[in-house]
Number of protein chains: 2
Amino acid sequence: MPEPDRPLVLSQTAAGLLRDKILRGELAPGTPLREVIWAEALNVSRNTLREALRDLVAEGLIEHRPHHGATVRALTSAEISEIYTIRLTLELRGVTCSAYASKEAMAELVERVEAVQRAALARDWKQSGTASLEFHRQIVSFIGSPRLDELFASVAAQARLAFSLASDARRFQEPWVARDVEICSMLCDGDRAGASRALELYLQESERVVLEAARSHGLPRPSRSAAPAAD
Amino acid sequence: MPEPDRPLVLSQTAAGLLRDKILRGELAPGTPLREVIWAEALNVSRNTLREALRDLVAEGLIEHRPHHGATVRALTSAEISEIYTIRLTLELRGVTCSAYASKEAMAELVERVEAVQRAALARDWKQSGTASLEFHRQIVSFIGSPRLDELFASVAAQARLAFSLASDARRFQEPWVARDVEICSMLCDGDRAGASRALELYLQESERVVLEAARSHGLPRPSRSAAPAAD
DNA sequence: CAGGAAAATTTTGTTCAACAAATTATATCG
DNA sequence: CGATATAATTTGTTGAACAAAATTTTCCTG
């Protein structure tokens, strides 16, 4: 018997393709997404593409100004700061709620921090960054709210968007591994106050680094029409 | 000179009309929103209505299952509980951040709790409920994140949706007034630990009451086609 | 009469062509 | 050169159309 939830809808498929391209960094922030061009590129009608764009706007990956069209979202430094404000809110609460976390959930947490270590050992910094986000995601999941989980996922996606390419550099990822491990062990020991402090410092420094990278990389690249590469 | 941001877009106007009807309780949870019917009722094309529906889905006011269409969102008790989980997360963090709130922001807080008292004195329980939510909204705003403000607004809208009509009863609103006042004065005194405790109890009890109301009122009313009243 | 297959109907998903309105680019004139 | 009128793009919206999926009705059979 097939899964109960499978009715693929074209507009969501199209949204998925666009989402991938954006998160993969193929579409620089600020790039305009012209309706006719992308409808053609994704092989859907303009109406369907517009519905896909609306979904991506809701996810915060693209912006939309009436009569100006959609553009890949370019985060201002204020918005980058907000990302860390949100992360702090969610993760601190997650730490508090870890008091009532199940055995399995805590095991999963350890699992994920080990994945971070493995990736770091292999010098795979891209993977290390992804794994680290998964670790923090697990902390948030202790709250037990799917909607907050989703918010974290969205915020994490935008964070990646902020330093799209430059994030696979070693100095961008290496310093955090040990701190993830430390936070994890504190949580396992039930030292939630210590974990909270460590987490707050962690996020403060991370914000500083990302803001710096964003500033040097320059925020508003003009970026012209951006023809979608043929598949 | 007119405002710089005014380009009203029809799909958003339509979404606004629908949103009002839903929050006003004119459309019971579970009511299906048939595309042709409502396109006609709101005087827009079906395509435009679909874009409006997509916005309301993103806001969490309606659900949408592929090939089944949109329905006014009917919250399960699990989802109602989640609303309070989210409120707790946001409001507790707001209390913490109140340490760095500006003089004006604190004055605004007092302003709003006074509005709650005024409405209660006037026995306007509907207004009292609205004002109370505005008070708690102000607490969340101490965090300083527009996106979290928006999340709270969305969650509050859904909470209202949960006990649409029955909420203007006296016993539904009266007990909370004094507690809002207490929390406010604690915050003004800088007693954030006390405010946190009070807030947690407040939300726990509120959740209990709303869950009870939802259970008695019955969750999934069938509710047939629901012809939109002529304007 | 129950039960269920088959057909008819409804409703959603998607496309296409068209056009008005707003924006952006271009050319024209002082 | 700068302001302005004109043309070219691009978005917003519509209406009709049709395929696919879901719902309802019909009808047959045990």
Side-chain angles (χ1 to χ4, degrees), chain A residues 1-18 27 30-58 61-73 220-228, chain B residues 1-18 27 30-58 61-73 220-228:
Chain A
M1 208 145 290
E3 307 293 309
D5 44 25
R6 257 309 190 73
L8 279 198
V9 192
L10 194 47
S11 61
Q12 291 175 15
T13 307
L17 291 175
L18 259 180
L27 272 45
T31 306
L33 301 171
R34 292 287 147 62
E35 297 182 353
V36 283
I37 294 182
W38 281 98
E40 201 167 311
L42 299 178
N43 213 41
V44 299
S45 79
R46 196 155 74 90
N47 279 329
T48 301
L49 180 81
R50 281 170 64 86
E51 297 198 349
L53 290 181
R54 230 162 244 272
D55 286 353
L56 294 178
V57 167
L61 283 183
I62 70 182
E63 283 175 307
H64 182 83
R65 283 170 47 207
H67 289 290
H68 285 252
T71 58
V72 179
R73 186 156 179 191
R221 205 176 344 173
S223 175
R224 55 198 67 279
S225 38
Chain B
M1 210 146 289
E3 305 293 309
D5 44 26
R6 259 308 192 71
L8 279 197
V9 193
L10 195 47
S11 62
Q12 291 176 13
T13 306
L17 291 175
L18 259 179
L27 273 44
T31 306
L33 300 171
R34 294 288 149 61
E35 297 183 352
V36 283
I37 294 182
W38 281 98
E40 200 166 312
L42 299 178
N43 214 43
V44 297
S45 80
R46 195 155 76 90
N47 279 328
T48 302
L49 180 82
R50 282 170 63 85
E51 297 198 348
L53 290 181
R54 231 162 244 271
D55 285 353
L56 293 177
V57 166
L61 283 182
I62 70 183
E63 283 175 305
H64 182 83
R65 281 170 48 206
H67 289 290
H68 284 253
T71 58
V72 178
R73 186 155 180 193
R221 206 175 342 172
S223 176
R224 53 200 66 279
S225 39

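Since the model is a prediction, treat every value here as computed from it, not as a measurement.
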Student: Between His67(A) (NE2) and dA8(D) (P), how many Å, whole number?
Tutor: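 Computing the His67(A):NE2 to dA8(D):P distance gives 21 Å.
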Student: CG of Leu49(A) versus P of dC16(C): gap in Å, rounded?
Tutor: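 So the two atoms are 13 Å apart, to the nearest Å.
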Student: If each of Ser11(A) and Arg65(A) is mapped to the nucleotide of DNA chain C with the nearest heavy atom, which maps nearer the 5' terminus, i.e. the 5' end?
Tutor: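 That would be Ser11(A).
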Student: Atom CZ of Arg46(B) and atom CG of Leu53(B): how far apart are they, to the nearest 0.5 Å?
Tutor: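 Rounded to the nearest 0.5 Å, the CZ-CG separation comes to 11.0 Å.
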Student: In this structure, which one of Asp55(B), Thr31(B), Leu18(B), Leu33(B) forms a side chain to side chain contact (heavy atoms under 4.5 Å, CB included) with Ile62(B)?
Tutor: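 Among Asp55(B), Thr31(B), Leu18(B), Leu33(B), the one that satisfies the side chain to side chain contact (heavy atoms under 4.5 Å, CB included) with Ile62(B) is Leu33(B).
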Student: Whole angstrom is fine here: how far is it from CD in Glu51(A) over to P in dT13(D)?
Tutor: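 Going from CD in Glu51(A) over to P in dT13(D) covers 13 Å.
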Student: Rounded to the nearest angstrom, tell me the gap between atom CG in Asn47(B) and atom C1' in dC16(C).
Tutor: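 Taking CG of Asn47(B) and C1' of dC16(C), I get 11 Å after rounding.
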Student: Atom NE2 of His64(B) to atom C1' of dA21(D): distance rounded to whole Å?
Tutor: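 Interatomic distance, NE2 of His64(B) to C1' of dA21(D): 12 Å.
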Student: On the nucleotide dG12(D), are OP1 or OP2 found under 4.0 Å from the side-chain N or O atoms that Thr48(B) carries?
Tutor: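 So the side chain of Thr48(B) is outside the cut-off, no N or O lying under 4.0 Å from OP1 or OP2 of dG12(D).
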Student: Give the rounded distance in Å between these two atoms: CD of Gln12(B) and C1' of dT13(D).
Tutor: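 Rounded to the whole Å, the gap is 14 Å.
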Student: Take atom CG of Leu10(B) and atom P of dG15(D), then tell me their distance rounded to the nearest Å.
Tutor: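 Going from Leu10(B) (CG) to dG15(D) (P), I get 11 Å.
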Student: Please report the interatomic distance CG(Leu17(A)) to CD(Gln12(A)), rounded to the nearest 0.5 Å.
Tutor: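 The CD atom of Gln12(A) is 12.5 Å from CG of Leu17(A), to the nearest 0.5 Å.
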Student: Got a donor-acceptor pair under 3.5 Å from the side chain of Arg46(A) to the base of dT14(C)?
Tutor: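 Such a pair does not exist between side chain and base.
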Student: Nearest 0.5 Å please: distance from the CZ atom of Arg54(A) over to the CD atom of Glu51(B).
Tutor: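 Result: 4.0 Å between the selected atoms.
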Student: Could you state the CD-P distance from Glu35(A) to dA22(C), rounded to the nearest angstrom?
Tutor: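 Rounded to whole Å, this separation is 16 Å.
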Student: Looking only at heavy atoms, what is the nearest atom pair of Pro32(B) and Thr71(B), with distance?
Tutor: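 What the structure gives for the nearest pair is CA-CG2, 3.8 Å.
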Student: Return whichever of Ser45(B) or His68(B) has its heavy-atom-nearest nucleotide of DNA chain D closer to the 5' end.
Tutor: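 Looking at the nearest nucleotide for each, Ser45(B) comes out on the 5' side.
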Student: Name the closest nucleotide to the Arg34(A) side chain, picking from dA21(D), dT11(D), dT13(D).
Tutor: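 Between dA21(D), dT11(D), dT13(D), the one nearest the side chain of Arg34(A) would be dT11(D).
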Student: Looking only at the side chain of Arg50(B) (C-beta and beyond, no hydrogens), which of the listed nucleotides dA22(D), dT14(D), dT14(C) gets closest?
Tutor: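 Comparing dA22(D), dT14(D), dT14(C) against the side chain of Arg50(B), the answer is dT14(C).
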Student: Considering only side-chain heavy atoms of Pro66(B), which listed nucleotide, dG13(C), dT14(C), dT14(D), is closest?
Tutor: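 Minimum distance to the Pro66(B) side chain belongs to dG13(C).
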